[in-house]
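Worksheet: the structure to be examined is printed underneath.
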Amino acid sequence: MRASTLLLASLTSTALAQNASTTPGYDNYPTPITSTLPANSNFTFGRHYALLNLDLINALVGSVAPSPAGQAFINNTATFINAAHALNPPPLQIFTRIYFANARKPEVNPNGGFATVAGSTGNALVGANSTGSMVYPAFTVDAAAGDLTLQKTRYYAGAGNALEQILESQGIDTVVLSGIRTSGVILSTAYRLFDLDYKVYVIANNTIETPPDTPGINAAILEGILPKLPANVITIEQALGALKRSGPAVY
C-alpha cells in the first residue's frame with residue numbers, strides 16, 4: 001500500500017480506535033495463535049523487564065485500523081500499555097518510530113536492500129515531526145512515567161539508536177514485544193535480542209501484518225518460527241496476568 005494511502009487511513013480511523021472496546025480478546029487473525037506456555041502457567045516477567053512497543057505509528061497502524069482484526073490489535077495493545085502504566089512503579093516502556101532525517105533519506109544506502117522499503121514510504125516518514133511517523137493516538141506514551149521513544153531507520157528496533165545501550169545500562173534481562181508488523185520489526189528484533197541473551201516474549205494478540213497479508217504469514221511466524229528460536233509467544237490474557245505477578249519493576 002502506498003504511503004499516502006496508509007497516512008490517509010490512519011487519519012480517518014482514529015475515531016474508530018478511540019471507540020474500541022476496552023475488553024481484550026483472544027482474536028488473532030485468521031485463527032487464534034497457540035501459546036508456547038500452558039494457559040494455567042503462573043509465569044512472570046521477573047523484575048528486570050522492559051516492554052518494547054514497536055512501530056506503533058500512524059502510517060502503519062492506520063493501514064490496519066479499518067479492519068476488525070486491526071481494531072482488535074489496537075485494543076489489545078493499548079490495553080496492555082495502559083495496564084503497565086497503572087503499575088507502581090511502572091516498568092520501562094520503549095516505543096519506536098520510523099523516520100528519516102530528510103527527503104534524501106541519508107540513513108539509507110540507495111543501492112542497498114533496504115532502499116526499496118524506504119522508498120515505498122515516500123515522504124510520509126520524513127522528519128521527526130512527520131504525521132505518518134507519530135505514535136498512533138490510541139497508544140499513550142507517558143514520558144513522565146519514564147516511557148522512552150526512539151527513532152529507527154530499519155526493521156530492527158535498535159537500528160541507529162541507543163536501545164541496546166539502554167537495556168544493558170538498566171540491567172534489563174527480559175523484553176516483551178508488541179508491534180506492527182510481525183514479519184518486520186517483531187521478527188528482526190526477537191532474533192537480535194535473543195542473540196544478545198535476553199529472554200524474549202511476544203504477545204501474539206499485539207502483533208499484526210500490514211496489508212496485503214499473504215494468508216498464513218502471521219501464524220507461520222508466531223506458531224512456527226518464533227517458538228523454534230525459541231521465544232515465548234503468549235496471549236494478551238497471559239501477558240496481563242504476568243504483568244500483575246511481576247515486579248515491582250527495577251530499572
Side-chain angles (χ1 to χ4, degrees), residues 1 3 6-20 22 24 27-29 50-67 69-85 90-99 117 121 124-125 128-143 145-161 163 175-190 193 201-211 213 218 222 236 239-240 243:
M1 181 178 289
L6 296 178
L7 184 55
L8 177 60
S10 72
L11 296 176
T12 57
S13 59
T14 299
L16 288 173
Q18 292 173 336
N19 291 329
T22 57
D27 40 33
N28 292 81
Y29 176 84
L51 312 183
L52 306 188
N53 306 313
L54 306 176
D55 300 359
L56 301 176
I57 60 174
N58 286 329
L60 296 178
V61 179
S63 69
V64 301
S67 70
Q71 283 296 298
F73 160 75
I74 291 169
N75 176 52
N76 289 327
T77 304
T79 296
F80 187 71
I81 291 170
N82 294 340
H85 283 149
L92 176 62
Q93 295 204 59
I94 301 176
F95 293 74
T96 59
R97 293 172 53 205
I98 311 165
Y99 62 88
V117 178
T121 66
L125 304 179
N129 296 321
S130 56
T131 302
S133 74
M134 295 296 182
V135 173
Y136 195 77
F139 309 118
T140 300
V141 181
D142 189 349
D147 292 0
L148 302 176
T149 304
L150 304 178
Q151 177 197 12
K152 62 188 273 288
T153 56
R154 292 293 190 279
Y155 284 133
Y156 169 49
N161 59 45
L163 175 64
V175 292
V176 185
L177 275 55
S178 301
I180 183 172
R181 56 191 170 89
T182 315
S183 61
V185 66
I186 294 294
L187 188 59
S188 62
T189 302
L193 295 185
Y201 289 88
V202 176
I203 306 175
N205 303 81
N206 293 8
T207 67
I208 198 168
E209 282 292 296
T210 53
D213 177 18
N218 204 53
L222 295 173
I236 180 64
L240 290 169
L243 200 60

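Please read these numbers as outputs of a predicted model, since none were measured by experiment.
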According to ring pair (Phe, Tyr, Trp, His ring centres under 6.0 Å), who are the partners of Tyr201, at least two apart in sequence or on a separate chain? Phe43, Phe45

Check for a donor-acceptor pair, side chain of Arg97 on one end and backbone N or O of Leu56 on the other, with a separation under 3.5 Å. no

The side chain to side chain contact (heavy atoms under 4.5 Å, CB included) partner of Thr182 among Leu187, Val202, Leu222 is Leu222

4.5 Å side-chain heavy-atom contact, Phe139 and Asn53: no

4.5 Å side-chain heavy-atom contact, Ile81 and Leu51: no

Between Ile203 and Phe80, is any pair of side-chain heavy atoms under 4.5 Å apart? yes

Does the Asn161 side chain pair with the main chain of Gln151, one donor and one acceptor, at a distance under 3.5 Å? yes

Minimal heavy-atom distance between Ser188 and Val185, with the atoms involved, is OG-O, 3.4 Å

Please round to the nearest 0.5 Å and tell me the distance separating atom CD1 of Ile74 and atom OH of Tyr136. 4.5 Å

With side chains defined as the heavy atoms from C-beta onward, is the minimum distance between Ile98 and Thr153 less than 4.5 Å? no

Residue pair Phe95, Leu148: steps toward the side-chain contact (heavy atoms from CB on, under 4.5 Å) verdict: CA-CA 6 Å; Phe95 293 74; Leu148 302 176; over 6 Å; no

Tell me, please, which residues at least two apart from Ser130 pass side-chain contact (heavy atoms from CB on, under 4.5 Å). Tyr99, Ser133

Side-chain donor or acceptor of Asn58 paired with backbone N/O of Thr131 under 3.5 Å: yes

So, for Ala78 and Ala138, which heavy atoms are closest and what is the spacing to 0.1 Å? CB-O, 3.6 Å

Evaluation steps, side-chain contact (heavy atoms from CB on, under 4.5 Å), between Asn218 and Thr207: CA-CA 8 Å; Asn218 204 53; Thr207 67; 4.1 Å; yes

Sidechain-backbone polar pair: Ser63 side chain, Leu60 backbone, donor-acceptor under 3.5 Å: yes

List in chain and number order the residues that pass side-chain contact (heavy atoms from CB on, under 4.5 Å) with Thr140, two or more places apart in sequence or in another chain; answer none if no residue qualifies. Asn82, His85

Checking Tyr155 now: which residues fulfil ring pair (Phe, Tyr, Trp, His ring centres under 6.0 Å) with it, not counting sequence neighbours? Phe114

For Ser183, is there any backbone N or O sitting under 3.5 Å from a side-chain donor or acceptor partner on Glu209? yes

In this structure, CG of Leu177 is separated from CG of Asn206 (nearest 0.5 Å) by 10.5 Å

What are the two closest non-hydrogen atoms of Ala157 and Lys152, and how far apart are they? CA-CE, 3.7 Å

Side-chain contact test, heavy atoms from C-beta onward, threshold under 4.5 Å: evaluate it for Ile186 versus Leu54 and give yes or no. yes

So do the side chains of Leu52 and Leu163 get within less than 4.5 Å of each other, counting heavy atoms only? yes

Non-hydrogen side-chain atoms of Ile94 and Asp147 separated by less than 4.5 Å: no

Quick one: side-chain hydrogen bond (donor to acceptor under 3.5 Å, both in side chains) partners of Thr96, sequence neighbours excluded? Asp55

Between Gln93 (side chain) and Ala84 (backbone), is there a donor-acceptor pair under 3.5 Å? no

Can you name the nearest heavy-atom pair linking Leu125 to Ala59, along with the distance? CD2-CB, 4.0 Å

Taking all non-hydrogen atoms of both residues, which atom of Ala83 and which atom of Leu240 are closest, and how far apart? CB-CD2, 3.7 Å

